Novice: 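Shown below is the structure under consideration.
From a predicted model like this one, the values you see are computed outputs, not experimental measurements.
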Amino acid sequence: SPLFTAQGALLGFRIFSTSPAAIRIVTPPQRDALPRTIASLSHFDPAGHPEQRIRVTGSVTYRDTHGRVNLQDGGVSLGVIGGALPPPPVNSRATVEGFLSPDSRAPQLEQIRWLDASPGDPVQPVRILADSLASGGYDGRLVSVEGFLENRQTSAGELQLHLAAGRFRFMASLDAPDSRSGFPDLRPGALLRLSGVCATSYAGDFAEIRMSRLWMRDARDIVIPRP
């Protein structure tokens, strides 16, 4: 039977089986996940999108209370979502298994499970100009940028900073439930140097940039060179 969205567009089809005997496994799943490097997930693969579980290793550069995790290996990164167990701490070297999402612009693993983690060397943020956040070349990477604070707010336990660097504007966010009365030095006009993971959101078919954002890890990612 056909399946439709709330707007009436065809979403797909549903097949009802009369019994388990009517289901035949054509190709059994691989017992072990396919090991891959994070860099290889961004390369063209003649075999097409991998449908089996894959295993990658990288340094945890970001995690938050919403389940977002970022792994980085050299100059390439990978988003990780889902998982029944809490993710490893920031700066650990971790291995994870999961399925590569077919819907995201940047590589992203979903339906994951963490295999192991150990203390690692912290990834150093790369210094870039603020307008480079919108280039797409730093998505998912740990970066450091400067900008002038225009305003701030706390929403749903998240500190949100709106900044300007010349004519370019961007946003930075930090999990900080008590930030409404905290961070007294964050006043409009202050020059800030922020570190965090670059996350660019796109409109439609990824052709138009909607917002450039920086996901900060803790209060140490905020430096005020000039109040």
Side-chain angles (χ1 to χ4, degrees), residues 32-43 50 52-128 132-133 135-145 156-161 170-177 179 193-201 211-223:
D32 298 321
L34 180 67
R36 295 282 295 268
T37 63
I38 294 178
S40 72
L41 301 179
S42 299
H43 298 164
Q52 72 270 37
R53 296 181 72 89
I54 61 175
R55 180 190 306 124
V56 296
T57 299
S59 298
V60 179
T61 54
Y62 179 80
R63 56 173 282 185
D64 64 15
T65 57
H66 305 289
R68 287 185 294 252
V69 181
N70 236 77
L71 293 182
Q72 188 169 319
D73 190 22
V76 291
S77 63
L78 171 72
V80 179
I81 58 174
L85 299 177
V90 170
N91 294 330
S92 59
R93 188 75 178 171
T95 300
V96 63
E97 285 185 355
F99 292 94
L100 189 63
S101 171
D103 302 321
S104 58
R105 181 179 185 271
Q108 179 173 276
L109 278 191
E110 52 191 22
Q111 302 179 44
I112 62 96
R113 61 174 179 173
W114 297 99
L115 299 182
D116 60 61
S118 59
D121 295 326
V123 175
Q124 297 303 314
V126 57
R127 291 282 299 273
I128 64 173
S132 298
L133 294 171
S135 68
Y138 293 97
D139 277 4
R141 291 184 59 184
L142 189 62
V143 300
S144 176
V145 299
E158 181 180 270
L159 173 64
Q160 299 174 349
L161 307 178
F170 63 102
M171 183 176 176
S173 301
L174 172 68
D175 275 348
S179 60
R193 181 180 302 126
L194 307 176
S195 298
V197 170
C198 174
T200 305
S201 60
M211 170 67 72
S212 295
R213 183 190 293 260
L214 204 64
W215 294 109
M216 298 180 290
R217 300 160 296 176
D218 55 44
R220 292 171 294 181
D221 282 334
I222 304 175
V223 177

Novice: Looking at side-chain heavy atoms only, is the closest gap between Thr37 and Val56 below 4.5 Å?
Specialist: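 With C-beta onward as the side chain, the pair stays apart.
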Novice: With side-chain contact (heavy atoms from CB on, under 4.5 Å) as the test, would you mind laying out the steps for Thr95 and Thr57 before giving the verdict?
Specialist: CA-CA 4 Å; Thr95 300; Thr57 299; 2.8 Å; yes
Novice: Find out whether Ser195 and Arg217 are in side-chain contact, i.e. whether some heavy atom of one side chain is under 4.5 Å from a heavy atom of the other.
Specialist: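 A side-chain contact exists here, since the closest heavy-atom pair is under 4.5 Å.
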Novice: Calculate, to the nearest 0.5 Å, the distance between atoms CZ and CZ belonging to Arg55 and Arg113 respectively.
Specialist: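 If we round to the nearest 0.5 Å, Arg55:CZ and Arg113:CZ are 8.5 Å apart.
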Novice: To the nearest 0.5 Å, how far apart are CG in Leu159 and OG in Ser173?
Specialist: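 The OG atom of Ser173 is 8.0 Å from CG of Leu159, to the nearest 0.5 Å.
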Novice: Looking at every heavy atom in both Ser135 and Ser132, which two are closest together, and how far apart are they?
Specialist: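 Ser135 and Ser132 have their closest heavy atoms at OG-O, 2.8 Å.
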Novice: List the atom of Leu71, the atom of Val60, and the distance in Å for their closest heavy-atom pair.
Specialist: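 Scanning both residues completely, I find the closest heavy atoms to be CD2-CG2, 3.6 Å.
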Novice: May I ask you to decide if Gly58's main-chain N or O and Asp73's side chain share a donor-acceptor pair within less than 3.5 Å?
Specialist: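 It does not hold such a pair.
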Novice: What distance separates Cys198 SG from Phe170 CZ, expressed to the nearest 0.5 Å?
Specialist: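 Reported value, rounded in 0.5 Å steps: 10.5 Å.
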Novice: May I ask you to decide whether Asp175 forms a salt bridge with Arg63, counting only side-chain N to carboxylate O separations under 4.0 Å?
Specialist: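 Looking at Arg63 together with Asp175, the answer is no, because their closest N to O distance does not fall below 4.0 Å.
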Novice: Specify the closest pair of heavy atoms between Trp114 and Pro87, including all atoms of both residues, with the distance to one decimal.
Specialist: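 Taking every non-hydrogen atom into account, NE1-CA, 3.6 Å.
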Novice: Are Leu133 and Thr200 packed together at the side-chain level, in the sense that at least one heavy-atom pair is separated by less than 4.5 angstrom?
Specialist: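 They are not in side-chain contact.
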Novice: Going from CZ on Arg36 to CG on Leu41, what distance comes out if it is rounded to the nearest 0.5 angstrom?
Specialist: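 Answer for the CZ-CG pair, Arg36 versus Leu41, is 5.0 Å.
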Novice: Donor-acceptor check, side chain of Ser77 to backbone of Asp139, threshold 3.5 angstrom: yes or no?
Specialist: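 It does hold such a pair.
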Novice: When you measure from the side chain of Gln72 to the backbone of Leu142, do you find a donor-acceptor pair of N or O atoms at a distance under 3.5 Å?
Specialist: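 A pair under 3.5 Å: yes.
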Novice: Can you check side-chain contact (heavy atoms from CB on, under 4.5 Å) on Trp215 and Asn70, steps first, answer last?
Specialist: CA-CA 10 Å; Trp215 294 109; Asn70 236 77; over 6 Å; no
Novice: So Met216 and Leu161, side-chain contact (heavy atoms from CB on, under 4.5 Å) or not? Walk me through it.
Specialist: CA-CA 11 Å; Met216 298 180 290; Leu161 307 178; 4.1 Å; yes
Novice: CD/Gln52 to CG/Leu100 distance, rounded to the nearest 0.5 angstrom?
Specialist: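 Atom-to-atom, Gln52:CD and Leu100:CG are 10.0 Å apart.
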Novice: Which pair of heavy atoms, one from Ala172 and one from Leu194, lies closest together, and at what distance?
Specialist: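 Shortest heavy-atom separation between Ala172 and Leu194 comes out as CB-CD1, 3.6 Å.
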Novice: To the nearest 0.5 Å, tell me how far Tyr62 OH sits from Asp218 CG.
Specialist: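 If I round to the nearest 0.5 Å, the distance is 11.0 Å.
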Novice: Can you tell if the side chain of Ser179 reaches within under 4.5 Å of the side chain of Gln160, non-hydrogen atoms only?
Specialist: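 No. Closest side-chain heavy atoms not under 4.5 Å.
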